[in-house]
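Below, each value reflects all heavy atoms present in this structure, side chains not excepted, and no hydrogens, waters or symmetry copies. So you know, we letter chains A, B, ... as the sequences are listed, proteins then strands, and number each from 1. Bear in mind the structure is a predicted one, so any value in this text is a computation, not a measurement.
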2 protein chains.
Amino acid sequence: MGSRPTDDGDDGGVTDPGTDAVLGALADPTRRALLDALAARGQASASVLAADLPVSRQAIVKHLGVLSEAGLVEPERSGREVRYTVRSESLAATASWMSALADRWDRRLRTIKRAAEQQ
Amino acid sequence: MGSRPTDDGDDGGVTDPGTDAVLGALADPTRRALLDALAARGQASASVLAADLPVSRQAIVKHLGVLSEAGLVEPERSGREVRYTVRSESLAATASWMSALADRWDRRLRTIKRAAEQQ
DNA sequence: GGTTCGTGCAACTTCAGAGTTGCACGAACT
DNA sequence: AGTTCGTGCAACTCTGAAGTTGCACGAACC
(Lines give C-alpha, C1' and ligand atoms only; values in the text may rest on other atoms or scores of the structure.)
Protein backbone atom coordinates (compact mmCIF):
# COMPACT_ATOMS: atom_id res chain seq x y z
CA MET A 1 0.00 0.00 0.00
CA GLY A 2 2.40 2.64 -1.10
CA SER A 3 0.07 4.99 -2.90
CA ARG A 4 -1.60 7.58 -0.78
CA PRO A 5 -4.97 8.93 -1.89
CA THR A 6 -3.70 12.42 -1.29
CA ASP A 7 -0.40 12.54 -3.09
CA ASP A 8 -1.01 11.03 -6.47
CA GLY A 9 -0.50 13.15 -9.51
CA ASP A 10 -4.03 13.88 -10.58
CA ASP A 11 -5.70 16.44 -8.40
CA GLY A 12 -9.38 15.92 -9.01
CA GLY A 13 -9.15 12.29 -8.01
CA VAL A 14 -12.73 11.19 -7.75
CA THR A 15 -11.68 7.73 -8.85
CA ASP A 16 -8.65 7.09 -6.70
CA PRO A 17 -8.08 3.36 -6.22
CA GLY A 18 -7.43 3.51 -2.50
CA THR A 19 -10.19 5.97 -1.74
CA ASP A 20 -12.57 4.00 -3.90
CA ALA A 21 -11.89 0.83 -1.92
CA VAL A 22 -12.23 2.56 1.45
CA LEU A 23 -15.50 4.22 0.55
CA GLY A 24 -16.87 0.99 -0.83
CA ALA A 25 -15.83 -0.87 2.30
CA LEU A 26 -17.30 1.68 4.67
CA ALA A 27 -20.60 1.83 2.82
CA ASP A 28 -21.82 -1.40 4.40
CA PRO A 29 -23.29 -1.09 7.94
CA THR A 30 -22.22 -4.61 8.87
CA ARG A 31 -18.65 -3.82 7.95
CA ARG A 32 -18.70 -0.67 10.06
CA ALA A 33 -20.06 -2.64 13.00
CA LEU A 34 -17.35 -5.21 12.36
CA LEU A 35 -14.69 -2.53 12.44
CA ASP A 36 -16.18 -1.21 15.65
CA ALA A 37 -16.11 -4.63 17.29
CA LEU A 38 -12.56 -5.18 16.10
CA ALA A 39 -11.41 -1.81 17.37
CA ALA A 40 -12.95 -2.60 20.76
CA ARG A 41 -10.82 -5.73 21.02
CA GLY A 42 -7.77 -4.39 19.32
CA GLN A 43 -7.09 -7.81 17.88
CA ALA A 44 -9.45 -10.67 17.12
CA SER A 45 -10.02 -13.60 14.80
CA ALA A 46 -12.96 -14.11 12.48
CA SER A 47 -14.51 -16.75 14.72
CA VAL A 48 -14.38 -14.49 17.77
CA LEU A 49 -15.90 -11.59 15.85
CA ALA A 50 -18.65 -13.84 14.54
CA ALA A 51 -19.91 -14.18 18.12
CA ASP A 52 -20.40 -10.41 18.34
CA LEU A 53 -22.34 -9.89 15.15
CA PRO A 54 -25.64 -11.43 14.06
CA VAL A 55 -24.07 -12.99 10.97
CA SER A 56 -22.21 -16.19 10.27
CA ARG A 57 -18.46 -16.61 10.43
CA GLN A 58 -18.21 -16.93 6.67
CA ALA A 59 -19.88 -13.57 6.22
CA ILE A 60 -17.36 -12.09 8.64
CA VAL A 61 -14.52 -13.63 6.66
CA LYS A 62 -15.79 -12.09 3.44
CA HIS A 63 -16.15 -8.69 5.07
CA LEU A 64 -12.67 -8.94 6.53
CA GLY A 65 -11.42 -9.70 3.05
CA VAL A 66 -12.98 -6.51 1.72
CA LEU A 67 -11.67 -4.48 4.63
CA SER A 68 -8.22 -5.95 4.20
CA GLU A 69 -8.29 -5.11 0.50
CA ALA A 70 -9.12 -1.53 1.42
CA GLY A 71 -6.27 -1.43 3.93
CA LEU A 72 -8.61 -0.92 6.87
CA VAL A 73 -7.58 -4.11 8.66
CA GLU A 74 -4.37 -6.12 8.80
CA PRO A 75 -4.39 -9.93 8.95
CA GLU A 76 -1.70 -11.76 10.88
CA ARG A 77 -1.22 -15.50 11.24
CA SER A 78 -0.71 -16.87 14.73
CA GLY A 79 -0.62 -20.63 14.65
CA ARG A 80 -3.81 -21.99 13.28
CA GLU A 81 -5.78 -18.79 13.66
CA VAL A 82 -5.68 -15.44 11.88
CA ARG A 83 -5.86 -12.31 13.98
CA TYR A 84 -6.97 -9.04 12.49
CA THR A 85 -6.05 -5.54 13.56
CA VAL A 86 -7.59 -2.19 12.60
CA ARG A 87 -5.44 0.17 10.57
CA SER A 88 -6.06 3.87 10.87
CA GLU A 89 -3.85 4.97 8.00
CA SER A 90 -6.27 4.31 5.15
CA LEU A 91 -9.13 5.86 7.07
CA ALA A 92 -7.13 8.96 7.93
CA ALA A 93 -6.00 9.31 4.32
CA THR A 94 -9.55 9.07 3.03
CA ALA A 95 -10.69 11.58 5.64
CA SER A 96 -8.17 14.15 4.48
CA TRP A 97 -9.10 13.40 0.88
CA MET A 98 -12.72 14.18 1.69
CA SER A 99 -11.75 17.31 3.53
CA ALA A 100 -9.73 18.53 0.57
CA LEU A 101 -12.63 17.77 -1.75
CA ALA A 102 -15.04 19.76 0.42
CA ASP A 103 -12.60 22.61 0.41
CA ARG A 104 -12.32 22.52 -3.39
CA TRP A 105 -16.11 22.65 -3.71
CA ASP A 106 -16.21 25.66 -1.45
CA ARG A 107 -13.61 27.57 -3.44
CA ARG A 108 -15.24 26.74 -6.75
CA LEU A 109 -18.68 27.78 -5.55
CA ARG A 110 -17.44 31.05 -4.12
CA THR A 111 -15.68 31.89 -7.36
CA ILE A 112 -18.75 31.19 -9.45
CA LYS A 113 -21.01 33.09 -7.11
CA ARG A 114 -18.76 36.12 -7.15
CA ALA A 115 -18.61 36.11 -10.93
CA ALA A 116 -22.39 35.88 -11.10
CA GLU A 117 -22.88 38.85 -8.81
CA GLN A 118 -20.44 40.99 -10.74
CA GLN A 119 -22.00 40.69 -14.14
CA MET B 1 -18.74 1.71 28.86
CA GLY B 2 -20.57 -1.12 27.25
CA SER B 3 -19.32 -3.10 24.33
CA ARG B 4 -22.38 -2.40 22.26
CA PRO B 5 -21.50 -1.58 18.66
CA THR B 6 -24.80 0.16 18.04
CA ASP B 7 -25.09 3.34 20.00
CA ASP B 8 -26.90 6.59 19.42
CA GLY B 9 -24.70 8.28 16.94
CA ASP B 10 -23.56 11.61 18.19
CA ASP B 11 -20.05 11.05 19.40
CA GLY B 12 -18.66 7.75 18.31
CA GLY B 13 -21.53 6.19 16.48
CA VAL B 14 -20.64 3.90 13.63
CA THR B 15 -24.27 4.08 12.55
CA ASP B 16 -24.82 7.80 12.42
CA PRO B 17 -27.76 8.61 10.13
CA GLY B 18 -26.08 11.45 8.27
CA THR B 19 -22.75 9.73 8.01
CA ASP B 20 -24.42 6.55 6.88
CA ALA B 21 -26.17 8.35 4.05
CA VAL B 22 -23.04 10.17 2.93
CA LEU B 23 -20.92 7.02 2.91
CA GLY B 24 -23.60 5.15 1.03
CA ALA B 25 -23.90 7.95 -1.49
CA LEU B 26 -20.17 8.26 -2.07
CA ALA B 27 -19.68 4.53 -2.49
CA ASP B 28 -20.97 4.61 -6.06
CA PRO B 29 -18.41 5.67 -8.70
CA THR B 30 -21.10 7.13 -10.95
CA ARG B 31 -22.31 9.33 -8.14
CA ARG B 32 -18.80 10.57 -7.47
CA ALA B 33 -18.37 11.37 -11.15
CA LEU B 34 -21.72 13.12 -11.02
CA LEU B 35 -20.62 15.21 -8.08
CA ASP B 36 -17.44 16.04 -9.92
CA ALA B 37 -19.32 17.17 -13.00
CA LEU B 38 -21.69 19.21 -10.88
CA ALA B 39 -18.88 20.85 -8.96
CA ALA B 40 -17.22 21.79 -12.25
CA ARG B 41 -20.33 23.66 -13.35
CA GLY B 42 -21.32 24.97 -9.96
CA GLN B 43 -24.94 24.63 -10.89
CA ALA B 44 -26.63 22.35 -13.39
CA SER B 45 -29.86 20.48 -14.13
CA ALA B 46 -30.26 16.75 -14.49
CA SER B 47 -30.62 16.97 -18.27
CA VAL B 48 -27.41 18.94 -18.61
CA LEU B 49 -25.53 16.53 -16.39
CA ALA B 50 -26.85 13.58 -18.37
CA ALA B 51 -24.87 14.83 -21.36
CA ASP B 52 -21.63 14.53 -19.39
CA LEU B 53 -22.05 11.02 -18.09
CA PRO B 54 -22.55 7.77 -20.01
CA VAL B 55 -25.90 7.10 -18.36
CA SER B 56 -29.44 8.15 -19.04
CA ARG B 57 -31.14 11.19 -17.55
CA GLN B 58 -33.34 9.05 -15.34
CA ALA B 59 -30.31 7.42 -13.79
CA ILE B 60 -28.93 10.89 -13.08
CA VAL B 61 -32.21 11.89 -11.46
CA LYS B 62 -32.10 8.86 -9.18
CA HIS B 63 -28.50 9.56 -8.22
CA LEU B 64 -29.31 13.20 -7.53
CA GLY B 65 -32.10 12.00 -5.28
CA VAL B 66 -29.69 9.89 -3.28
CA LEU B 67 -27.16 12.71 -3.11
CA SER B 68 -29.85 15.15 -2.06
CA GLU B 69 -30.99 12.76 0.65
CA ALA B 70 -27.43 12.64 1.94
CA GLY B 71 -27.22 16.43 1.90
CA LEU B 72 -24.46 16.45 -0.71
CA VAL B 73 -26.46 18.42 -3.27
CA GLU B 74 -29.17 21.05 -3.03
CA PRO B 75 -32.08 21.16 -5.50
CA GLU B 76 -33.57 24.51 -6.50
CA ARG B 77 -36.47 25.14 -8.83
CA SER B 78 -36.01 27.74 -11.51
CA GLY B 79 -39.01 27.84 -13.77
CA ARG B 80 -39.51 24.49 -15.39
CA GLU B 81 -36.10 23.14 -14.59
CA VAL B 82 -34.39 22.09 -11.37
CA ARG B 83 -30.85 23.21 -10.76
CA TYR B 84 -28.61 21.37 -8.36
CA THR B 85 -25.72 22.72 -6.34
CA VAL B 86 -23.02 20.86 -4.44
CA ARG B 87 -23.01 21.24 -0.67
CA SER B 88 -19.74 20.89 1.17
CA GLU B 89 -21.16 20.76 4.68
CA SER B 90 -22.13 17.09 4.76
CA LEU B 91 -18.88 16.08 3.16
CA ALA B 92 -16.84 18.13 5.59
CA ALA B 93 -18.78 16.72 8.53
CA THR B 94 -18.21 13.14 7.38
CA ALA B 95 -14.53 13.90 6.82
CA SER B 96 -14.09 15.09 10.39
CA TRP B 97 -16.07 12.10 11.62
CA MET B 98 -13.68 9.78 9.82
CA SER B 99 -10.72 11.64 11.14
CA ALA B 100 -12.01 11.34 14.71
CA LEU B 101 -12.65 7.64 14.19
CA ALA B 102 -9.11 7.07 12.95
CA ASP B 103 -7.82 8.92 15.96
CA ARG B 104 -9.88 6.78 18.31
CA TRP B 105 -8.52 3.62 16.73
CA ASP B 106 -5.02 4.89 17.24
CA ARG B 107 -5.58 5.63 20.92
CA ARG B 108 -7.26 2.29 21.56
CA LEU B 109 -4.53 0.36 19.81
CA ARG B 110 -1.77 2.17 21.67
CA THR B 111 -3.46 1.46 25.00
CA ILE B 112 -3.88 -2.22 24.25
CA LYS B 113 -0.35 -2.55 22.98
CA ARG B 114 1.06 -0.93 26.08
CA ALA B 115 -0.97 -3.21 28.35
CA ALA B 116 0.20 -6.25 26.41
CA GLU B 117 3.86 -5.29 26.76
CA GLN B 118 3.54 -4.77 30.48
CA GLN B 119 2.13 -8.16 31.39
C1' DG C 1 -53.53 28.47 -30.34
C1' DG C 2 -49.77 24.53 -30.93
C1' DT C 3 -45.14 22.76 -30.19
C1' DT C 4 -41.06 21.90 -27.80
C1' DC C 5 -38.33 21.08 -23.84
C1' DG C 6 -37.56 19.47 -19.15
C1' DT C 7 -39.24 17.06 -15.43
C1' DG C 8 -41.76 13.25 -12.88
C1' DC C 9 -43.60 8.72 -12.43
C1' DA C 10 -43.85 3.78 -13.13
C1' DA C 11 -42.65 -0.89 -14.76
C1' DC C 12 -39.11 -3.68 -16.06
C1' DT C 13 -34.45 -6.09 -16.58
C1' DT C 14 -30.02 -7.12 -14.83
C1' DC C 15 -26.33 -7.96 -11.87
C1' DA C 16 -23.30 -7.47 -7.94
C1' DG C 17 -22.86 -8.55 -3.18
C1' DA C 18 -24.58 -9.97 1.37
C1' DG C 19 -25.56 -14.06 3.59
C1' DT C 20 -26.18 -18.87 4.00
C1' DT C 21 -24.81 -23.99 4.24
C1' DG C 22 -21.78 -27.89 3.75
C1' DC C 23 -17.48 -29.97 3.65
C1' DA C 24 -12.42 -30.48 3.54
C1' DC C 25 -7.78 -29.47 5.40
C1' DG C 26 -4.36 -28.38 8.89
C1' DA C 27 -2.90 -27.15 13.37
C1' DA C 28 -3.38 -27.83 18.29
C1' DC C 29 -4.84 -30.38 22.51
C1' DT C 30 -5.43 -35.27 25.24
C1' DA D 1 -2.68 -42.60 17.86
C1' DG D 2 -7.56 -39.76 17.76
C1' DT D 3 -10.13 -35.61 18.50
C1' DT D 4 -11.22 -30.85 18.45
C1' DC D 5 -11.10 -26.26 16.90
C1' DG D 6 -10.35 -22.73 13.41
C1' DT D 7 -9.73 -21.68 8.78
C1' DG D 8 -10.49 -21.99 3.62
C1' DC D 9 -13.09 -23.07 -0.40
C1' DA D 10 -17.20 -23.67 -3.17
C1' DA D 11 -22.04 -23.62 -4.47
C1' DC D 12 -26.30 -21.66 -3.68
C1' DT D 13 -30.26 -18.26 -2.60
C1' DC D 14 -31.98 -13.73 -2.45
C1' DT D 15 -32.57 -8.96 -1.89
C1' DG D 16 -31.56 -4.39 -3.42
C1' DA D 17 -29.41 -1.11 -6.26
C1' DA D 18 -28.27 0.57 -10.93
C1' DG D 19 -29.88 1.35 -15.29
C1' DT D 20 -33.11 1.17 -18.88
C1' DT D 21 -37.49 2.43 -21.57
C1' DG D 22 -41.93 4.53 -22.19
C1' DC D 23 -45.27 7.85 -21.32
C1' DA D 24 -47.69 11.71 -19.03
C1' DC D 25 -47.75 16.51 -17.25
C1' DG D 26 -46.53 21.37 -16.99
C1' DA D 27 -43.90 25.32 -18.26
C1' DA D 28 -41.76 28.01 -21.86
C1' DC D 29 -41.17 29.46 -26.75
C1' DC D 30 -43.29 30.08 -31.79
Side-chain angles (χ1 to χ4, degrees), chain A residues 14-15 17 19-38 41-85, chain B residues 5-6 14-15 17-38 41-86:
Chain A
V14 194
T15 49
T19 303
D20 184 42
V22 172
L23 288 176
L26 263 70
D28 188 68
T30 304
R31 271 195 292 266
R32 287 201 302 273
L34 179 58
L35 281 173
D36 198 42
L38 184 57
R41 288 188 156 67
Q43 201 179 36
S45 65
S47 300
V48 169
L49 290 168
D52 278 14
L53 301 177
V55 293
S56 69
R57 178 186 61 90
Q58 287 302 321
I60 301 286
V61 170
K62 284 189 186 180
H63 284 308
L64 284 172
V66 175
L67 292 171
S68 179
E69 201 70 26
L72 288 169
V73 300
E74 170 89 6
E76 184 186 355
R77 275 221 99 93
S78 172
R80 70 175 158 182
E81 65 180 2
V82 181
R83 291 186 195 155
Y84 291 85
T85 318
Chain B
T6 49
V14 194
T15 49
T19 304
D20 184 41
V22 173
L23 288 177
L26 263 65
D28 188 67
T30 304
R31 271 194 294 265
R32 288 200 302 274
L34 179 57
L35 281 173
D36 199 41
L38 184 56
R41 288 187 156 68
Q43 202 179 35
S45 66
S47 300
V48 169
L49 290 168
D52 278 15
L53 302 176
V55 292
S56 69
R57 177 186 63 91
Q58 287 303 321
I60 301 286
V61 170
K62 285 189 186 179
H63 284 309
L64 285 172
V66 175
L67 292 171
S68 179
E69 201 70 25
L72 288 169
V73 300
E74 171 89 6
E76 186 186 356
R77 275 220 99 93
S78 172
R80 71 175 158 182
E81 66 181 2
V82 181
R83 291 186 194 157
Y84 290 86
T85 318
V86 287

Which parts of residues 63-74 of chain B get close to DNA chain C, meaning a heavy atom less than 4.0 angstrom away? none

Nearest-nucleotide check on DNA chain C, Tyr84(B) vs Gly24(A); residue mapping nearer the 5' end is Tyr84(B)

By side chain to side chain contact (heavy atoms under 4.5 Å, CB included), Ala21(A) pairs with (sequence neighbours left out) Ala70(A)

Taking only residues two or more places apart in sequence, or in another chain, which ones meet Ala27(A) in a side chain to side chain contact (heavy atoms under 4.5 Å, CB included)? Ala27(B)

Any pair counted as side chain to side chain donor-acceptor pair (under 3.5 Å), so long as it reaches residues 63-84 of chain B, sequence neighbours left out: Arg31(B)-His63(B), Glu81(B)-Arg83(B)

Ala50(A) meets the side chain to side chain contact (heavy atoms under 4.5 Å, CB included) criterion, sequence neighbours left out, with Arg57(A), Ile60(A)

Is Lys62(A) side chain donor-acceptor paired with the dG17(C) base, going by distance under 3.5 Å alone? no

Using heavy atoms to find the nearest nucleotide of DNA chain C for Asp28(A) and Arg77(B) separately, return the residue whose nucleotide is more 5′. Arg77(B)

Interatomic distance, Leu26(B) CG vs dA17(D) P [rounded to whole Å]: 16 Å

Output the rounded distance in Å from CD (Glu81(A)) to P (dG8(D)). 11 Å

Let me know the distance between CG of Leu53(A) and C1' of dT20(C), rounded to the nearest Å. 16 Å

Just to verify, what does Ala37(B) make a side chain to side chain contact (heavy atoms under 4.5 Å, CB included) with, not counting sequence neighbours? Leu49(B), Asp52(B)

Touch class at under 4.0 angstrom, heavy-atom based, for Arg83(A) against every strand present: nothing

Could you write nucleotides 21-28 of chain D as a row of B, S and -, 5' to 3', where a protein heavy atom under 4.0 Å of any base atom gives B, of only sugar-phosphate atoms gives S, and otherwise -? BB----BS

